[in-house]
Engineer: 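Sending over a structure as structure tokens; questions will come in a sec.
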Amino acid sequence: MASLPSVALSPTLKLETEVKKHPSASSSIEKESQSRSISYQKSSVSTQLDERPEPARPLDFDDPLSLTKEGTEIECAYYVSLLKECIKRKCVSGAQIVHAHIVKTGTQKEFFLMTFLVNVYAKCGAMTSARKVFDNLPKGSVVAWTSLLKGYVQNSESEVAVEVFVEMMESGSFPSYYTLGIALNACSSLSSIELGKQFHAFIVKYRIDQELSIGNALCSLYSKFGILKSAVKAFRRVRDKDVISWTAVISACVENGAAAMGLRFFIEMLNEDVKPNEVTLTTVLSLCCLIMSLGLGKQVHSLSIKLSYGSNRRLTNSIMYLYLKCRCIKEAEYLFSTMETVNLVTWNALIAGYSQAMELAKDDVSAHRSGNEALGMYFKLNRSGMKPDLFTLSSILTICGGLVALEQGEQIHAQTIKSGFLSDVVVGTALVNMYNKCGSIEKASKTFVEMSTRTLISWTTMITSFARHGHSQQALQLFEDMRLAGLRPNQITFVGVLAACSQAGMVNEALEYFQIMKTEYKLKPVMDHYGCLIDMFVRLGRTEEAFDIVKKMDFEPSEFIWNLLIAGCRNHGHTELGFCAAEQLLKLKPRDIETYVMLLNMYISAERWKDVSQVRKLMKEEKVGKLNDWSWISIKEKTRSFKTNDRLHPGNAEIYTFLEELLNKAKSYGYESGENVEVVDEEEEAEEKTFSYCVYHSEKLAVAYGLLHTEKSASIRVVKSIGMCKDCHNFMKIISLLASKEIIVRDSKRLHKFVNGQCSCADFAGIF
DNA sequence: CTAGGGTTAG
């Protein structure tokens, strides 16, 4: 890349002087190239095919000699059909056989055939051969030059493509509109905006920026450089816009996050009576993904059926992905089941979609279902004979992390090694994150250390992992290492850093890093940063300072922030302040059922019945549903789920007996069951009382089951659909000591790793 | 010989 400007700068001048000698060359050569391709098609293919009663046979790839065996004279059209087959199969050896035969029979005098061969080799990825054939041509036509150029761009050798462009200018050939379109593409793959602008200047000079292929290419070029304005300008200048122009400009909007503008272009396009094709609709679907618009997605889906695009795989992949992302699992699964052919991307979209659905569902029952569904699909994919790629692996690792499924995660780790994808940064980072979420900070760190390349995201993942596991010093050390390595932290990195400080109660450091973030890195604090600071003060019982932070924020505190504050107030007995905060929170009309439950508990224990009924009313209005407390534990790839007070479940009797034993033992270690007496809410039915403290919460059952069914040294990993209560948290701490067992519980709020009577969350204030 | 599209990590 460093050498590129020198390649580019001087030839540009040269290129301009050359051009001035042939000011009219553009159109004439353009015409020449077009007429050539027309005559080649007409005289060689169509007519000769008419004379042949049998359609051209494809090359027998199992018997490559069949071609020579034929022995008789072979027409150009036959060669062309064979070579087309080679392109389809990306078969270099096939092309070589045909090539040899052409030479043998002397057909290489046919100029167009040899030009086509350049294209064939280029499309098969054999650039050396393409270049050789090109060099043997008596004089390179624009078409041959263009094929060569395209080949280099396609085979990610855009530097060479630019050199070839210069060479072409020097040889006196003038680029066609096609050639310039490809050259612009080379600029985007080289991420060289300077070079792109030079080409643009050249294009403007000859007033050809309104040409279709050039304007379209300019539009996507500027889009890739993030200059949406210029992309739109380029689009507007195109004289006879076609469907590709419209698609390009919509795509530019999507790429740059301007969904509303993209949608306006789509509507404008329909108003102009331009019929969208499969590509357009796929682009509009990614627009839907961007803004999570299921409604628009469904309209596009029906439009695609109306236009009979139903069998387009890429389009269907997109629709399926959108449905999953919007948590319309049934629709997506139905679509998948009806697809005629699926490819790896289909599987990847499916798994990635489940992972999105899981993310969105937070930790409720459907999230767990999506995760398991994805795992099932992953194994199905493996059985189908297709090989997972880096997309598959990184998505499925995210799923494993979400499910706290360490065994499966490790199995997939082995697969990444075998398949050679371990060296990929994204896969490596996904692995680090998977181990982090499964509670294995040691393996996370080991994986991180062994990575051959790391991006900012990799560093951030590791920093956050340390912080979440309560290893604040390591997190901060790593942050300094990262800065030394010359990487510029972003907002998310600082969330990790502040979380580390918060966890360790390092007030001064936290405030210092907060300043560094704002002044040195010019990063605007977001809600999560304030959340860390507030959490820190609240943990330390410095509630008023926590409220001071809220006052300093330049936006309205979120549900999450109020939750932290209220939990802090309750933990430290600042009841009145807590009620004030609760009032503010209610004004927000919270979304999260757990928030309501916390408020209810708060008001019920204070016997403020008026407030209780007010909260209940709001819950009905907001349709928040009921609290669904589930816990899952997976042992040796089998998952068991538990519901609070689930005595009816067959096989639970043994677990209850064992849990009683555990509770009794724990009591002798200072555990006070019922320390928080179950709150009685007089207005509600008996079964709705489960939201308060309960001896038989689902995670206790799951852990009891885990202790009964895992080997002594193995850790226990539980996922819980809602936040843990304080009682269970205490219980887990004691059990981890009693049974000398590592117990990991990932609840809806965070990860708890209990070892030797301590929890990695350092008794996170958010527990209610 | 051309321009536009689907799936990965914090």
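The chains referred to below are lettered A, B, ... by the order of the sequence lines, with proteins before strands, and numbering in each begins at 1.
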Engineer: With respect to the side chain of T247(A), which nucleotide from dA3(B), dC1(B), dG4(B) is positioned closest?
Structural biologist: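 For T247(A), the side-chain atoms sit closest to dG4(B).
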Engineer: For a quick check of understanding: with a heavy-atom distance under 4.0 Å over all strands, which category does L149(A) fall into, base, sugar-phosphate or nothing?
Structural biologist: nothing
Engineer: May I ask you to evaluate whether Y321(A) reaches the phosphate of dT8(B), defined as a side-chain N or O under 4.0 Å from OP1 or OP2?
Structural biologist: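 Yes, within the criterion.
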Engineer: Strictly below 4.0 Å: does S220(A) bring a side-chain N or O up to OP1 or OP2 of dG4(B)?
Structural biologist: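 Yes, within the criterion.
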Engineer: Nearest whole Å is fine: how far is dA9(B) P from I412(A) CD1?
Structural biologist: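 Roughly 14 Å, once rounded to whole Å.
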Engineer: If you compare every side-chain N and O of K325(A) against the phosphate oxygens of dT7(B) (OP1, OP2), does one of them come in below 4.0 Å?
Structural biologist: no
Engineer: Using a 4.0 Å heavy-atom cut-off, does D389(A) contact any base of the nucleic acid, only the sugar-phosphate backbone, or nothing at all?
Structural biologist: nothing
Engineer: With no angle test and no hydrogens, is the base of dG5(B) tied to the side chain of N277(A) by a donor-acceptor pair under 3.5 Å?
Structural biologist: no
Engineer: Given dA9(B), is OP1 or OP2 found less than 4.0 Å from the side-chain N or O atoms of N433(A)?
Structural biologist: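 Indeed not, no polar side-chain atom of N433(A) lies that close.
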Engineer: I want to check one thing: is the phosphate of dC1(B), taken as OP1 and OP2, less than 4.0 Å away from some side-chain N or O of N119(A)?
Structural biologist: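 For dC1(B), OP1/OP2 do have a side-chain N/O of N119(A) under 4.0 Å.
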Engineer: Roughly how many Å is it from CE in M320(A) to C1' in dT7(B), rounded to a whole number?
Structural biologist: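 It is 9 Å, rounded to the nearest whole Å.
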Engineer: Hey, does I244(A) reach any base, or is it just sugar-phosphate, or nothing, if we go heavy atoms under 4.0 Å?
Structural biologist: base
Engineer: Less than 4.0 angstrom between a side-chain N/O of S251(A) and OP1 or OP2 of dG5(B), yes or no?
Structural biologist: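 For dG5(B), OP1/OP2 do have a side-chain N/O of S251(A) under 4.0 Å.
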Engineer: Using the benzene-type ring in the case of Trp, are the ring centres of W347(A) and Y378(A) under 6.0 Å apart?
Structural biologist: no
Engineer: Give one of base, sugar-phosphate or nothing for T398(A), where a contact means two heavy atoms less than 4.0 Å apart.
Structural biologist: sugar-phosphate
Engineer: T392(A) near the nucleic acid: base, sugar-phosphate alone, or nothing, with a heavy-atom cut-off under 4.0 Å?
Structural biologist: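 No contact at all - T392(A) keeps every heavy atom at 4.0 Å or more from the nucleic acid.
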Engineer: Taking the ring of F479(A) and the ring of F494(A), is the distance between their centroids below 6.0 Å?
Structural biologist: yes
Engineer: Given M462(A), which partner from the list D481(A), I457(A), I441(A), T429(A) fulfils the side-chain contact (heavy atoms from CB on, under 4.5 Å) test?
Structural biologist: I441(A)
Engineer: Would you say whether F391(A) stacks on dT7(B)? The test is a distance between ring centres of less than 5.5 Å and an angle between planes of less than 30°.
Structural biologist: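 Stacked: ring centres under 5.5 Å, planes under 30°.
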Engineer: Record whether the side chain of T461(A) comes under 3.5 Å of the base of dG10(B) through a donor-acceptor pair of N or O atoms.
Structural biologist: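 Counting by modelled atom types and ignoring angles, no donor-acceptor contact under 3.5 Å is found here.
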Engineer: Please give, in whole Å, the distance from dG10(B) C1' to M451(A) CE?
Structural biologist: 11 Å
Engineer: Rounded to the Å, how far apart are L751(A) CG and dG10(B) P?
Structural biologist: 15 Å
Engineer: Answer yes or no: is there an ion pair linking K446(A) with E450(A), defined by an N-O contact shorter than 4.0 Å?
Structural biologist: yes
Engineer: Are W246(A) and F235(A), when compared by the centres of their aromatic rings, separated by less than 6.0 Å?
Structural biologist: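 Aromatic pair counts; centres sit under 6.0 Å.
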